[in-house]
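Everything below concerns the one structure shown next.
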Amino acid sequence: MRYREKAKLKLSILTVLAVLVAMTMSNTGAHADEIVCISCHGAMPGKYGEPVKLWRGSIHEENGIACNACHGGDPRDAANAMKKERGFLGAPTYNEVPGFCGRCHVGVLKDYLASRHGRALATGGPNCVVCHGNHHVVKASLELINEKSCSRCHSYDRAKLIKGAMQETEGIIVALDSRIEGYKQQGTDTDRLEKELFSLRNRFHSLFHNVDVTKVTAESATIQAELKKLATALNGLDEQRQRRKVGGAVAVAIALAAALLAHLMRKTYE
Amino acid sequence: MDLLKRLYKWVDVRIGADEVVKKELTGYLLPRNINVWYSMGSVLLVIFSLQVISGMLLLIYYVPDADKAFKSVSYIMNNVPYGWLFRLIHAVGSNMMVLVLLLHMLSVLFMGSYKSPREFNWLTGFILLTLVQGISLTGYLLPWSQLSFWATTVATNSANAIPVAGPYLVEFLRGGKLVGPPTIGRFFALHVAVIPAGIAALIAAHLFVLKRTGVSTPPFGRGDTTNQWKADSYRYEDHPGGIPFFPNYALEDLRSVFIYLAIFLAVVFYYPYLFFPKDAFLPANSLVTPAHIKPEWYFLANYQTLKLFPNELIGLSVQAVAMTFLALLPFIDRGRERHPLKRPLFLACAIGGLLLWIGLSIWGHYS
């Protein structure tokens with residue numbers, strides 16, 4: 001009897017140890033706070049998993065805009081994530097896409113609907129994802145206007161003219177963006193600069209959907225004047241950094257001189 | 001001048017200052033062949049002091065709250081006069097502190113200064129190293145940046161591998177299942193109160209045992225390089241005919257301190273972002289995991305070791321064994337010889353270990 005009890009106890013201890021070892025080995029480090037759409041769909045093969053793969057590396061992911069921001073639903077409750085009563089919208093139809101994106105990109109929707117592309121939507125004209133892609137949405141830039149993309153539907157000639165008129169301003173925006181990003185990565189408060197550039201970029205990019213070259217040229221000149229103010233602010237930061245470096249050089253020189261003095265005094269006592 | 005002398009005399013007749021100066025400064029003799037590595041301790045004291053001062057200045061504006069911490073650090077960097085300088089001094093200083101501490105320990109290791117009767121010196125120094133790593137780790141979270149958040153998530157997650165107690169320990173450290181607002185409160189308390197108090201106590205203990213054992217003689221430039229200590233009774237290692245601490249070695253200490261400050265300031269003003277990956281200036285976001293989150297350079301070898309083993313428990317155990325071996329080195333290495341070139345086995349193991357650590361760190365950085 002006593003032997004049987006001992007054997008039972010040993011078996012229980014072994015079972016507990018085995019469970020603990022299994023728990024330790026199964027620790028994959030998954031983060032519970034990750035939204036459930038990504039956890040489930042990310043592991044799925046084929047068309048159900050593809051959107052997550054495409055979303056990774058998109059401008060939306062970069063800005064923390066996840067699945068539920070567009071498709072609705074409850075990202076914290078796996079069992080009910082895709083229920084209508086939790087606000088799940090599913091995938092929009094072809095013609096619904098502009099309205100879908102336009103819930104956030106309000107100004108762009110307005111420009112698009114006024115453009116030739118938008119006006120042709122009902123008769124098979126391109127919706128947002130035709131040019132911008134779906135899920136793997138990248139930052140809007142002039143690169144989107146290219147022969148390969150545009151000539152899928154019409155000739156590239158007019159688009160090329162528009163692109164040429166916008167090239168210089170786009171170059172300034174890209175350069176300023178890179179300078180602001182550089183300062184941001186050094187802990188500089190670039191919030192105001194970022195917001196202003198964001199606003200100017202949006203104003204400029206709203207011209208993308210326009211096909212009037214004269215209007216594009218005139219508007220670009222106004223935007224460039226605004227961008228110049230941002231460049232002046234960044235030049236101020238450059239000067240401030242330069243002054244800091246001069247101060248640093250003086251501080252290092254004083255420390256080295258003090259070290260030399262201590263060394264010479266030490267030699268006199270030797 | 002006469003006034004100063006009169007003031008000194010006034011103090012001396014009251015507290016015996018002259019006696020203290022003779023005993024602790026001008027009469028405190030050090031080995032004639034003492035070298036520059038012996039000044040690392042003084043450099044470390046200066047670094048600790050700078051960390052305390054810059055930390056106190058940061059405390060004036062820093063807010064240890066998950067909603068306000070990042071903004072308060074940004075405010076310090078951009079709006080407080082010279083706030084950027086104090087923040088960079090504190091952040092770069094924490095890295096330099098670990099670096100100089102490692103150099104100090106390596107010099108002690110290679111000169112065999114950890115040997116009897118200096119076991120306490122080594123042990124207190126070793127605990128100081130772990131406390132310095134602890135204070136750096138807890139300070140890492142405080143800016144509440146993406147880097148802080150995710151590096152702390154990874155670091156605290158490692159404790160999960162400890163059987164039975166692991167999950168409880170993780171929850172205790174984080175103040176919840178995940179890194180969040182309670183974690184910052186805990187880490188803040190550890191960073192500004194608990195660990196600094198521990199470090200101050202350990203420094204006091206380290207200096208006390210140094211004063212009681214006396215400064216060790218370097219094993220270089222002498223015929224007999226063996227340890228002369230006998231375990232029969234307490235003996236203070238004095239150095240008759242040695243050089244006085246003041247002014248001779250104090251000036252050498254001062255020279256090392258200023259050379260350190262020149263290097264340190266050069267990093268602060270010219271390469272401060274050496275220790276700041278780009279995620280260090282983005283606010284913490286629990287929904288966006290950065291692609292390649294890495295710990296600080298001095299934890300890279302530990303990080304890579306964990307990745308090398310199929311199970312984190314084995315990785316942690318290997319590190320625990322290595323750390324225990326290092327902590328108990330004076331009790332394991334009982335040989336009397338102190339000159340590194342006369343200890344080929346020790347030299348091979350020490351250089352091999354050092355290269356392994358550097359190799360693992362580089363691997364960890366690029367993996």
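Both backbone and side-chain heavy atoms feed into the values below; hydrogens, waters and symmetry mates do not. Not measured: the values here are computed from a predicted model. Here is how names work: the chains are called A, B, and so on, in the same order as the sequence lines, proteins then strands, and each is numbered from 1.
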Inset, instruction - Select one option (side chain, backbone, both, neither) describing which atoms of A:A66 are under 4.5 Å from chain B's heavy atoms. - result: neither
Legend entry - Note, B:N248 side chain near B:L30 side chain (heavy atom, < 4.5 Å): no
Legend entry - Derivation of the salt bridge (charged side-chain N to carboxylate O under 4.0 Å, His left out) call for A:R179 and A:D238: CA-CA 10 Å; A:R179 284 178 74 188; A:D238 286 346; 2.8 Å; yes
Legend entry - Winner by heavy-atom pair count (cut-off under 4.5 Å) against chain A, out of B:Y260, B:F269, B:Y75: B:F269
Inset, instruction - Consider only side-chain N and O atoms of A:R86 and A:N68, and report whether a donor and an acceptor are under 3.5 Å apart. - result: no
Inset, instruction - State whether a side-chain donor-acceptor pair under 3.5 Å links B:S148 with B:S145. - result: yes
Inset, instruction - Can you tell which part of B:I243 gets under 4.5 Å to a heavy atom of chain A, answering side chain, backbone, both or neither? - result: side chain
Inset, instruction - Between chain A and each of B:A266, B:A250, B:P247, B:A280, count heavy-atom pairs under 4.5 Å; write down the option with the most. - result: B:P247
Inset, instruction - Could you tell me which of A:Q185, A:R244, A:H263 has the largest number of non-hydrogen atom pairs under 4.5 Å with chain B? - result: A:R244
Legend entry - Residue part contacting chain A, namely of B:Y273, when any heavy atom lies under 4.5 Å: side chain
Inset, instruction - Could you tell me which portion of B:L282 (side chain, backbone, both or neither) has an atom closer than 4.5 angstrom to a non-hydrogen atom of chain A? - result: side chain
Legend entry - Side-chain donor-acceptor contact under 3.5 Å, B:R174 with B:T156: yes
Legend entry - A:H135 and A:E50: side chain donor to acceptor below 3.5 Å: no
Legend entry - Max heavy-atom pair count under 4.5 Å with chain A, selected residue of B:S74, B:A262, B:P244: B:A262
Legend entry - Ion pair A:K229/A:E226, N-O distance below 4.0 Å: yes
Legend entry - Between A:M265, A:R241, A:K245, the one whose heavy-atom pairs under 4.5 Å with chain B are most numerous: A:K245
